[in-house]
Number of protein chains: 2
Amino acid sequence: MNEKRTFSISELSQEFDVTTRSIRFYEDQGLLKPARRGQTRIFSTKDRVRLKLILRGKRMGFSLAETKELFDLWDETLTGNEKQLLKMLEILGARRDQLEQQKNDIVQAEMEIDTAEARCRESLDELQKKKKQQGIKAKESEPTTT
Amino acid sequence: MNEKRTFSISELSQEFDVTTRSIRFYEDQGLLKPARRGQTRIFSTKDRVRLKLILRGKRMGFSLAETKELFDLWDETLTGNEKQLLKMLEILGARRDQLEQQKNDIVQAEMEIDTAEARCRESLDELQKKKKQQGIKAKESEPTTT
DNA sequence: AAACCGCTTTACGTTTACGTAAACTTTATC
DNA sequence: GATAAAGTTTACGTAAACGTAAAGCGGTTT
């Protein structure tokens with residue numbers, strides 16, 4: 001089940017198009033905890049998943065600190081203290097609300113893009129018409145070679 | 001049609017829950033262009049709309065620079081140069097793609113929240129059962145007062 | 001007139017998320 | 001065994017987005 005593949009820093013770097021510097025930084029901030037063989041980092045599939053989550057979080061506007069908070073909380077949750085579990089549920093609820101907000105934002109943005117695009121096309125059409133008109137005028141005033 | 005109401009900096013600050021410092025900063029960066037009566041800023045409804053767009057942009061992970069780029073481009077677009085219009089359409093298309101990506105991210109996030117929540121509830125249920133078991137044991141071993 | 005309020009500018013400080021360079025070790029290749 | 005390639009640490013630099021004083025201006029309330 002739990003795949004036991006491992007990854008080098010450059011493999012992950014390439015796969016997710018992120019610099020090794022960033023990956024090391026994420027480790028430094030406690031978001032990743034790769035094993036070590038001597039000095040070199042060895043990333044597990046769990047690390048890989050977390051990296052994916054980090055990047056998605058960024059795309060969604062989450063700071064690294066926020067993402068780390070979630071990771072930590074999730075780890076604590078696994079130990080199963082009741083208070084932790086309730087807090088986790090609370091936070092998950094908040095996340096859900098946030099996602100709703102983002103969905104609304106997206107819908108709004110899409111509508112605005114629609115109208116903006118429409119206006120652009122209108123303007124373009126008008127320009128095209130003017131061009132054609134000029135073309136006709138030009139032809140009318142063409143000197144005849146006969 | 002075009003409402004001619006105006007707003008003070010503190011009105012906007014309160015309405016959108018953003019500091020006056022931020023608003024001034026947005027102006028400084030060229031995102032807002034309020035009129036002036038003497039020294040004091042007077043914001044139009046257009047400024048208000050732009051502020052709303054700025055904030056939504058932030059929630060969606062856009063930088064101020066990106067938002068400014070869009071504003072500027074849109075202003076230029078109004079002058080109606082064909083090249084500008086085409087570029088605008090291109091950028092709008094890119095935005096659309098980005099929104100699609102964000103939608104996917106949201107769907108993924110929602111799924112993960114679902115499973116996380118489910119696990120939390122399972123853990124809680126188990127804890128509850130254990131509590132009940134202990135309760136029964138406690139009753140069984142209660143000394144009878146008769 | 002004094003004190004207060006809201007607004008202003010100027011300017012230095014701070015946090016986040018890396019970039020970049022230097023110098024060093026480890027691993028692979030010829 | 002030299003040399004390149006990939007990895008490492010250390011450390012200083014930077015851009016973005018404000019925060020946070022400090023000090024001044026223009027009304028108005030007492």
Side-chain angles (χ1 to χ4, degrees), chain A residues 5-44 47-48 50-73 98 101-102 105, chain B residues 5-44 47-48 50-73 98 101-102 105:
Chain A
R5 260 205 70 184
T6 63
F7 309 85
S8 76
I9 194 169
S10 48
E11 279 176 320
L12 291 185
S13 163
Q14 287 174 22
E15 177 176 1
F16 294 111
D17 193 31
V18 58
T19 66
T20 58
R21 176 70 180 90
S22 297
I23 295 179
R24 294 198 191 95
F25 183 74
Y26 299 153
E27 178 187 7
D28 200 54
Q29 300 299 306
L31 288 147
L32 298 176
K33 290 168 190 172
R36 298 284 181 131
R37 186 175 51 206
Q39 291 267 66
T40 77
R41 282 159 249 253
I42 302 190
F43 296 86
S44 66
D47 290 317
R48 208 183 82 118
R50 295 218 155 174
L51 180 53
K52 200 186 290 187
L53 289 176
I54 292 169
L55 298 177
R56 183 160 75 221
K58 294 202 66 181
R59 284 198 303 272
M60 300 178 63
F62 296 154
S63 73
L64 295 184
E66 287 174 303
T67 302
K68 176 180 161 53
E69 224 187 306
L70 260 189
F71 285 177
D72 290 353
L73 219 77
Q98 208 173 344
Q101 170 68 33
Q102 293 207 10
D105 287 342
Chain B
R5 259 206 71 184
T6 63
F7 308 85
S8 77
I9 194 169
S10 48
E11 279 176 322
L12 291 185
S13 164
Q14 287 174 23
E15 177 175 0
F16 294 112
D17 193 31
V18 57
T19 67
T20 58
R21 175 70 180 90
S22 297
I23 295 179
R24 294 198 191 96
F25 183 73
Y26 300 152
E27 177 187 8
D28 199 54
Q29 300 299 306
L31 289 147
L32 297 177
K33 290 168 189 172
R36 298 283 180 134
R37 186 175 49 206
Q39 293 266 66
T40 77
R41 281 159 250 255
I42 302 190
F43 296 86
S44 66
D47 290 316
R48 209 184 80 120
R50 294 219 155 174
L51 180 53
K52 200 186 291 187
L53 289 175
I54 292 170
L55 298 177
R56 183 159 76 222
K58 295 202 65 181
R59 285 198 304 271
M60 300 179 63
F62 296 155
S63 73
L64 294 184
E66 287 175 302
T67 302
K68 176 180 162 52
E69 223 187 309
L70 261 189
F71 285 177
D72 290 351
L73 219 78
Q98 208 173 342
Q101 169 68 32
Q102 294 208 11
D105 287 342

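With hydrogens and angles ignored, the 3.5 Å screen pairs no side-chain donor or acceptor of A:Thr40 with any backbone N or O of A:Arg36.
Listed by chain and residue number, A:Arg59 satisfy the salt bridge (Lys or Arg N to Asp or Glu O under 4.0 Å) test with B:Asp105 (two or more places apart in sequence, or in another chain).
Side-chain contact between B:Arg50 and B:Leu31: absent, with no pair of heavy atoms (C-beta onward) separated by less than 4.5 Å. Residues A:Met60 and A:Glu66 fail the side-chain proximity criterion, which asks for heavy atoms closer than 4.5 Å. Taking 4.5 Å as the limit, some side-chain heavy atom of B:Phe62 sits within range of a side-chain heavy atom of B:Gln98.
Within residues 22-36 of chain B, the residues having any heavy atom under 4.0 Å from DNA chain D are, by residue number, B:Ser22, B:Phe25, B:Tyr26. Shown for residues 54-66 of chain B: residues whose heavy atoms fall under 4.0 angstrom of DNA chain D, namely B:Lys58, B:Ser63, B:Leu64.
With C:dG6, D:dT20, D:dT8 as the choices, the nucleotide that has an atom nearest any side-chain atom of B:Arg21 turns out to be D:dT20.
The residue B:Thr20 sits apart from the nucleic acid: no heavy atom pair falls under 4.0 Å. Among the heavy atoms of the strands lying under 4.0 Å from A:Thr19 are primed sugar atoms or P, OP1, OP2 only; no base atom is included.
Between the CD1 atom of A:Ile9 and the P atom of D:dT9 there is a distance of 9 Å, rounded to whole Å.
A distance of 10.0 Å separates CZ of A:Arg21 from CD1 of A:Ile9, quoted to the nearest 0.5 Å.
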